[in-house]
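Take a look at the structure set out below.
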Amino acid sequence: MSSEPIRDQVQRRRTFAIISHPDAGKTTLTEKLLLFSGAIQIAGSVKARKAARHATSDWMEIEKQRGISVASSVMQMEYRGCVINLLDTPGHQDFSEDTYRVLTAVDAALMVIDAANGVEPQTRRLLQVCRARATPILTFNNKMDREVQEPLALMDEVERELGMAAVPFTWPVGMGKRFRGVIDLRSQRMRVFTPGEDRHRNDDEIIDGVDNPVYVQRFGAEYEHARHDIELVQAAASTFDEQQFLDGRQTPMFFGSAINNFGVKEVLDALVDLAPPPGPRPAIQREVNPDEPKFAGVVFKIQANMDPAHRDRIAFVRVASGHFERGMRLKVVRSGKELRPNSVVSFLSQRRELLDEAFAGDIIGIPNHGVLQLGDTLTEGEALQFTGLRFFAPELFRTVEVADPLRGKQLKAGLTQLGEEGAIQVFRPLAGSMLLLGAVGQLQFDVVAHRLEHEYGVKARIAPSRFQVARWVTCDDPTELKRFIDANGHRVAYDAVDAPTVLVEYAPELRAIESNWPKIRFHALRDHAGLVFQRQLSG
């Protein structure tokens, strides 16, 4: 396919992630965006843990039991002529690595804020990642039907805490029990609030104009207060600047109640109007443009057992350029192996459909049995390696062994797959046979134990480890690296991609090792395209 049709398809794509602190309503908003786009007809309830319905984006059994998201999910939908790829991320900080990797695959982010709690710690962390990548952000202040902070206070907090200008696109009239609706400042009209259902209706009451006398008659003091705030905002706040938004220095702000289907349509329309289509993506060798005729893509997520009955393993690939066609020949740059994927799928969470083609910005799923790893680049032959997929040194460590010695093989297989998908970091110590698990938070260990038992039929004993600090090690001199590993065999382990790692009990011990081995580099961060690529070059 020539560049012109590809360019047209790329311009139709919008690929974004939804991010938030836990319990801000992110998964509920995800459901309602699917509902308003027509992708689903009835929304699941993330709170009704014992109900038959669950959120479309929560597909793991443990997610349905606990009413939380512990894995990122991908959903594709069409709205107003655009193909929207929506990635729902875990809010819990224990799963921040999965969220960070997802943020490398998107072109924009939708930040959900609980309007009662304002900016919370996980929101700040995720925003730092977005800022490092200059990712444009839209902000949705949720739960306006409850007793929440004043809109002006929320605006001020976003600007002060997150360091970017907030530009209101909608403004609430009242809050809590006196919540009357939102005024769309762009179209100069008000959508009147009525508590919603899980089905989408098209009969919302709309009142045109901002100075319509109907407002005072119907909404009295709430409207007068809102009009006063709007006048203040329009006099003092920044006006929307597209370039500042695209650079991540300005965020359009919306208000609503996702659980009541309210304010969702305005956000969906803004994503189509404001979020950028796919842009160039950096590789080590060169910058890759989305409308190039040759296909290129990067694996940003691996998920095992989306269909437990078939023990499947799906590689989630962000298309970076070109035109993907089912059955085309692809090269795995890391290994040099060739793939001809014929059962490539698109997603609505765990529901999948076979797809025949895809373009830059799309997320496609390639079933495979260990051929693809996190960070792998797929091309039509060119040697490219995309950058930015990062792994963080674990902060918590546990030993793991099987409760039933006859299930050792299943334990190893399960941990290998879970390690490859990034659900947990698995280390094989050079000395001894007991595997080590590394994680950012305790909940990761709970999820791994649950998945080992329910997906692999293995009850595992997970116990505290003496190790507290880990660093990946590299060296320009392969002989010196081997000498270091041989001398420190009691504290060296290999991770899922065989990157050597030094494990220590205390930070002062690490500082002593660093001073004794000046040629060795110690890394708290492993970039798949950086350290692994460097290690391959050094032999």
Side-chain angles (χ1 to χ4, degrees), residues 1-17 37 39 74-87 102-108 133-136 242 246 271-301 314-333 338-348 352-366 372 375-389 529:
M1 185 178 286
S2 63
S3 293
E4 193 62 38
I6 291 176
R7 189 175 298 115
D8 292 342
Q9 289 290 343
V10 169
Q11 291 302 310
R12 294 179 60 218
R13 263 63 187 175
R14 302 290 185 273
T15 303
F16 72 97
S37 72
V74 177
M75 287 142 283
Q76 189 179 76
M77 53 193 173
E78 288 201 36
Y79 180 73
R80 282 179 45 197
C82 284
V83 177
I84 297 174
N85 295 284
L86 184 162
L87 287 79
V102 164
L103 288 172
T104 68
V106 300
D107 305 304
R133 302 183 61 81
T135 304
E242 184 180 16
L246 294 175
L271 282 163
V272 168
D273 295 337
L274 304 178
R281 298 182 73 81
I284 289 175
Q285 295 79 6
R286 64 179 182 86
E287 190 172 75
V288 178
N289 290 307
D291 55 2
E292 294 179 12
K294 295 282 189 180
F295 172 86
V298 60
V299 178
F300 69 93
K301 176 179 172 63
I314 305 289
F316 289 66
V317 177
R318 154 75 191 229
V319 180
S321 70
H323 177 214
F324 173 83
E325 294 180 279
R326 186 151 56 99
M328 71 188 302
R329 294 178 185 273
L330 296 177
K331 177 185 176 182
V332 184
V333 174
E338 185 180 276
L339 286 179
R340 292 195 68 178
N342 285 300
S343 55
V344 177
V345 293
S346 62
F347 300 96
L348 187 61
R352 302 177 234 165
E353 294 182 0
L354 280 177
L355 65 79
D356 293 315
E357 62 178 2
F359 298 87
D362 287 339
I363 309 297
I364 63 176
I366 301 181
L372 295 174
D376 273 349
T377 297
L378 298 171
T379 70
E380 291 188 57
E382 185 179 359
L384 289 173
Q385 179 62 65
F386 289 105
T387 61
L389 199 73

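What you see is a predicted model; the values in this text were computed from it and never measured.
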*asked:* How close do Q385 and G375 get, counting heavy atoms only, and between which atoms?
replied: NE2-O, 3.1 Å
*Rounded to the nearest 0.5 Å, how far apart are CG of L372 and OG1 of T377?*
10.5 Å
*Taking all atoms of both residues into account, what is the closest heavy-atom pair of Y79 and S37, and its distance?*
CD1-CA, 3.9 Å
*E292 side chain to A320 backbone, donor-acceptor under 3.5 Å*: no
*Residues in side-chain hydrogen bond (donor to acceptor under 3.5 Å, both in side chains) with N342, at least two apart?*
none
*Look up atom CD in E380 and atom NE2 in H323, then write down how far apart they are to the nearest 0.5 Å.*
10.5 Å
*Enter the distance from R12:CZ to F359:CZ here, rounded to the nearest 0.5 Å.*
9.0 Å
_Value rounded to 0.5 Å, distance of CG in L355 from CD in Q76_ = 7.5 Å
*Would you say the side-chain atoms of R318 pair up with the backbone N or O of V298, donor to acceptor, closer than 3.5 Å?*
no
*For P278 and D107, which heavy atoms make the closest approach, and how far apart are they?*
CA-OD2, 3.6 Å
*asked:* If you count every heavy atom of other residues, nucleotides or ligands that lies below 6.0 Å from E338 atom CD, does the total exceed 12?
replied: yes
*Heavy atoms only: give me the nearest S343-R326 pair and the separation to one decimal.*
N-CD, 4.4 Å
*How far apart are the closest heavy atoms of P277 and R14, and which atoms are they?*
CB-NH1, 4.0 Å
*asked:* When you measure from the side chain of T387 to the backbone of I284, do you find a donor-acceptor pair of N or O atoms at a distance under 3.5 Å?
replied: no
*Please tell me if the side chains of F316 and V102 come closer than 4.5 Å, counting only heavy atoms from C-beta onward.*
no
*Using the side chain to side chain contact (heavy atoms under 4.5 Å, CB included) rule, take V106 and L87 through it: C-alpha gap first, then chi angles, then the decisive distance, then the call.*
CA-CA 8 Å; V106 300; L87 287 79; 4.0 Å; yes
_As an exercise, state the distance from CG of L86 to CZ of F16, rounded to the nearest 0.5 Å._
4.0 Å
*Mind listing the closest non-hydrogen atom pair of L103 and A17 along with its distance?*
CD2-CB, 4.0 Å
*asked:* Could you check whether any side-chain N or O of R329 sits under 3.5 Å from a backbone N or O of R340, counting only pairs where one atom can act as donor and the other as acceptor?
replied: no
*Within the distance-only criterion (no hydrogens, no angle test), does the side chain of S321 pair as donor or acceptor with the backbone N or O of K294 below 3.5 angstrom?*
yes
*Is a side-chain donor-acceptor pair under 3.5 Å present for Q9 with R13?*
yes
*Taking only residues two or more places apart in sequence or in another chain, which ones pass side-chain contact (heavy atoms from CB on, under 4.5 Å) with P341?*
F324, L330, L339, V344, I366
*Mind checking whether L378 and V317 have side chains closer than 4.5 Å, heavy atoms only?*
yes
*Output yes when a side-chain donor or acceptor of N85 lies under 3.5 Å from a complementary backbone atom of G361, and no otherwise.*
yes
*Verdict with supporting geometry, R80 and V272, side chain to side chain contact (heavy atoms under 4.5 Å, CB included)*: CA-CA 8 Å; R80 282 179 45 197; V272 168; 3.8 Å; yes
*At what distance, to the nearest 0.5 angstrom, does CZ of R281 lie from CG of L384?*
12.5 Å
